[in-house]
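Predicted, not measured: the structure shown is a model, and the values here were computed from it. The chain is numbered in sequence order, starting from 1. Every heavy atom of this structure was used, including side-chain atoms; hydrogens, water molecules and symmetry mates were not.
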Amino acid sequence: MHFFPKQAVLLLLGVSIIQVLCMPGHYLGQEHDDVQYVLASRSLLQGQYTLGVSPGDPPLAFVTPGWPVLLIPAALMSRDFTLGYELWAWLWLVLTNILLWLWLRSRMKEASAHLLTTLFALNPLVLSRSGVVMSEIPGLAFVLITLLFMERPKGLLGWKSGLLLAGAWLIR
């Protein structure tokens, strides 16, 4: 636990609790894409990649599969209950809080990393995305993962960073 100082753990826990209290940012289907992601994840469980609601059930060619793939655990656990998808989306927000703190901590003093992470996590726009089944938050998490790996002292081989960036593109 020495990697995460006690203050950082308390901060991340506190902002995550506030974020879950703001969940869901809106109902499933408000943005239309969120329903497509849910239907695509459920379709992937059946070995397809379709919406399942279009005549002829054509392959889903206009939505990248990254976020639907990451939604599979929510699809397995929650089936038709939207709360499972919303909780899964919130967990991605919690991960993003942690990754942002780690990235900031690598480049500034701990107090500044705490402040900027808090400002991000409690930003009204971010709070409005809490539990929203859209790809922005997991896409940001993947970008932060990529930055953290690329900025390590050993660095990251070009093809590996390319794979991580491709993953971010597939999600977002």
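The two residues Val38 and Leu71 have their closest heavy-atom pair at N-CD1, 4.3 Å. Scanning both residues, Met23 and Gly131, for their nearest heavy atoms gives CG-CA, 3.5 Å. Residues Val63 and Tyr49 share a closest heavy-atom pair of O-OH, 2.8 Å. Closest approach of Val133 to Tyr37, counting heavy atoms only: O-CD1, 3.6 Å. In terms of heavy-atom proximity, Gly84 sits nearest to Ala74 at O-CB, 3.9 Å. Heavy-atom minimum distance, Val35 versus Gly29: CG2-CA, 3.2 Å.
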Let's go through Phe81 and Leu87 carefully: what are the C-alpha distance in whole Å and the side-chain angles of both, what is the deciding distance for side-chain contact (heavy atoms from CB on, under 4.5 Å) to 0.1 Å, and is it a yes or a no? CA-CA 11 Å; Phe81 298 102; Leu87 284 171; over 6 Å; no
Chi angles and distances behind the side-chain contact (heavy atoms from CB on, under 4.5 Å) call for Leu60, Gln48: CA-CA 9 Å; Leu60 186 56; Gln48 302 173 344; over 6 Å; no
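Using a 4.5 Å heavy-atom cutoff, the side chains of Trp101 and Glu110 are in contact. Between Pro24 and Trp90 there is no side-chain heavy-atom pair separated by less than 4.5 Å. Between Tyr85 and Leu83 the shortest side-chain heavy-atom distance does not fall below 4.5 Å. For the pair Thr96 and Phe120, the minimum side-chain heavy-atom distance is below 4.5 Å. Counting heavy atoms from C-beta on, the side chains of Arg129 and Leu93 never come closer than 4.5 Å. In this structure, Arg172 and Val143 have side chains that are not in contact, with every pair of non-hydrogen atoms separated by 4.5 Å or more. Asn123 is not listed as a side-chain neighbour of Leu119, based on a closest heavy-atom distance of 4.5 Å or more.
Within 6.0 Å of CE in Met150 there are 12 or fewer heavy atoms belonging to other residues, nucleotides or ligands.
Taken from NE2 in His26 to CD in Glu86, the straight-line distance is 9.5 Å, to the nearest 0.5 Å. Distance OG/Ser135 to CG/Leu170: 11.0 Å, rounded to 0.5 Å. Here CG of Asn97 is found 8.5 Å from CD1 of Ile137. Values are rounded to the nearest 0.5 Å. One distance of note links CG of Leu11 with OG1 of Thr117; it measures 6.5 Å at 0.5 Å rounding. The CD atom of Gln36 lies 12.5 Å from the OG atom of Ser43; values are rounded to the nearest 0.5 Å. Note that the CG atom of Leu144 and the CG atom of Leu164 stand 12.0 Å from one another [nearest 0.5 Å].
A chain of hydrophobic side-chain contacts below 4.5 Å, direct or via other Ile, Leu, Val, Met, Phe, Trp or Tyr residues, connects Leu45 to Trp88. The hydrophobic clustering, which links ILVMFWY residues whose side-chain heavy atoms are closer than 4.5 Å, places Val9 and Ile98 together. Leu21 and Leu10 sit in two unconnected hydrophobic clusters of ILVMFWY residues. Membership requires side-chain heavy atoms under 4.5 Å apart, directly or through other members. Grouping the Ile, Leu, Val, Met, Phe, Trp and Tyr side chains by contacts below 4.5 angstrom, directly or via other members, places Leu28 with Leu76. A chain of hydrophobic side-chain contacts below 4.5 Å, direct or via other Ile, Leu, Val, Met, Phe, Trp or Tyr residues, connects Met108 to Leu99.
Residues passing the side-chain hydrogen bond (donor to acceptor under 3.5 Å, both in side chains) test with Trp92: none are found, sequence neighbours excluded.
Ser130 contributes a side-chain N or O that, together with a main-chain N or O of Gln19, makes up a donor-acceptor pair within less than 3.5 Å. Between the Asp34 side chain and the His32 main chain, a donor and an acceptor come within less than 3.5 Å of each other.
Residue Ser128 is tested with Val132, Val126, Leu125 for a side-chain contact (heavy atoms from CB on, under 4.5 Å); the sole match is Leu125.
Counting only residues at least two apart or in different chains, side chain to side chain donor-acceptor pair (under 3.5 Å) contacts with residues 51-68 comprise Thr50-Asp57.
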